[in-house]
2 protein chains.
Amino acid sequence: MVRAGLTPERLTRAGAELADEVGFEQVTVSELARRFDVRVASLYSHVRNSEDLKTRIALLALEELADRGGAALAGRAGKDALTALADVYRDYAREHPGRYAATRFPLSPEAAAGSAGPRHAHMTRAILRGYELTEPDQTHAVRLLGSVFHGYVSLELAGGFSHSAPDSQESWTRILDALDSLLRNWPTP
Amino acid sequence: MVRAGLTPERLTRAGAELADEVGFEQVTVSELARRFDVRVASLYSHVRNSEDLKTRIALLALEELADRGGAALAGRAGKDALTALADVYRDYAREHPGRYAATRFPLSPEAAAGSAGPRHAHMTRAILRGYELTEPDQTHAVRLLGSVFHGYVSLELAGGFSHSAPDSQESWTRILDALDSLLRNWPTP
DNA sequence: TGTATCTCCCTAATAGCTTTAGGCAAACGG
DNA sequence: CCGTTTGCCTAAAGCTATTAGGGAGATACA
């Protein structure tokens, strides 16, 4: 019998593709086995269990997203950097909804430590170098940006902004204008 | 044999409590049957299927949240209204994480039409009456507020802001200050 | 090249959740 | 008081997850 050539990496990549097709929640060890034309039990030599598989997909997505962010940020500053990183998140979520959903998968502390999570926080903070914010306002602003990026993208993905004017791209652009303005005029109590 | 007194309403309420205890994703027809000390099949006379149950929980949560929002908004305007509604969302999510998660459950168009969803949109728009925004900026602002509320709350719930200074309450307050300032000084291109 | 080992995928089995079909007895209406 | 309706039950099939243990291809080494 011909061996299927299963590896954790191949399973993870196929799992990510499956997530984009059917949704991250619907990623199943059984379906993955079906795609490799292999019995379900065979996957358990390469992946600890279903949670382990999902964790690996999440780590993959976080890396991909951080890589895109890093590339987009190179050589940019200020509003240019802000919109570049924001677009990276939004575009990634639209291109890879399952992978994007995977980035919200709750990671164990160990998995989180080895993830690209810190790179994401670092990138958002890097954007703020183009604005004159000092601690603790810088941290507040990091949290605001994270909230807007994630919030907007997830509402848009859920269909919240379709079927109504103005179109989503328009709102996105104007919201980024507004955030830039806010960061340049951050209020002090 | 004593009848258990199952009704769609009781199942929905119990389902909502279950969601808050174990997470919305973990709400299961089986567990619900166990809690009513009844066989699983019995639930299927009162609820069409698992999706129907989750939809009912989502509708319940949306109603509760809209009720709280309406009560909080009564007699308030401007920044006062903004923080009141924002706190309603955040507090509800912290008190009832499972129910809050349920509000993100994708509803069928019919279910969505009969839901409290429109009330939520209406409330956010009502807040903006205290600021001088005209269309389409008002819609952009509605979307921004929705994104921040949902984004912040869901990142906070996922543990994103714990274990690091400044504490989350502090950021929340300052972010609402910043949003108020932004709405009073909304940039025009 | 032959053989021993190791690796990979398999069969088999258990257990939980979902959903449908059909039955019996309690509750209710006249 | 009896017939009908209603509510919960048993039974069964299908899907997913996970573990235990086996056989055969690939590899290493003589």
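Naming convention: chains lettered A, B, ... in sequence-line order (proteins, then strands); numbering from 1 in each chain. Here the structure is a predicted model, which is why all the values come from computation and not from measurement.
A:Leu60 pairs in a side-chain contact (heavy atoms from CB on, under 4.5 Å) with only one of the listed residues (A:Arg56, A:Glu64, A:Glu63), which is A:Glu64.
The distance from atom CG of B:Leu43 to atom C1' of C:dT19 is 12 Å, rounded to the nearest whole Å. Rounded to an integer number of Å, the gap from NZ of B:Lys54 to C1' of C:dT18 is 11 Å. B:Tyr44 has its OH atom 7 Å from the P atom of C:dT20, to the nearest Å. Atoms CG (A:Asp37) and C1' (C:dC8) sit 15 Å apart, rounded to a whole Å. Rounding to whole angstrom units, CG of residue B:Leu11 and P of D:dG7 are separated by 12 Å. Spacing between atom CD of A:Gln26 and atom P of C:dT18 amounts to 14 Å, rounded to whole angstrom units. The distance from atom CD of B:Glu31 to atom P of C:dC17 is 8 Å, rounded to the nearest whole Å. Remark: C1' of C:dC17 and CZ of B:Arg39 are 15 Å apart, rounded to the nearest angstrom.
Nearest to the side chain of A:His46, among C:dT19, C:dC9, D:dA17, sits C:dC9. Taking every side-chain heavy atom of A:Ala41 into account, C:dA12 is the closest of C:dA12, D:dC9, C:dT19. Checking C:dT18, C:dC9, D:dT18 against every side-chain atom of A:Val38, the shortest atom distance belongs to C:dC9.
Proximity of B:Ser50 to the phosphate of C:dC17: no side-chain N or O atom is located under 4.0 Å from OP1 or OP2. Within the structure, a side-chain polar atom (N or O) of B:Thr28 is placed less than 4.0 Å from OP1 or OP2 of C:dT18. Contact annotation: B:Ser45 side-chain N/O to D:dC8 OP1/OP2 distance is not under 4.0 Å. At C:dC17, one or more side-chain N or O atoms of B:Arg34 fall inside 4.0 Å of OP1 or OP2 (strictly under the cut-off).
We find that A:Arg35 and A:Glu31 are joined by a salt bridge, their nearest charged nitrogen and carboxylate oxygen being less than 4.0 Å apart.
For residues 72-86 of chain A, the set of pairs meeting the side-chain hydrogen bond (donor to acceptor under 3.5 Å, both in side chains) definition, not counting sequence neighbours, comprises A:Lys79-A:Asp177.
In this structure B:Asp20 satisfies the salt bridge (Lys or Arg N to Asp or Glu O under 4.0 Å) test together with B:Arg99, sequence neighbours excluded.
In this structure, A:His120 and A:Tyr89 have tilted ring planes: the angle between them lies in the 30° to 60° band.
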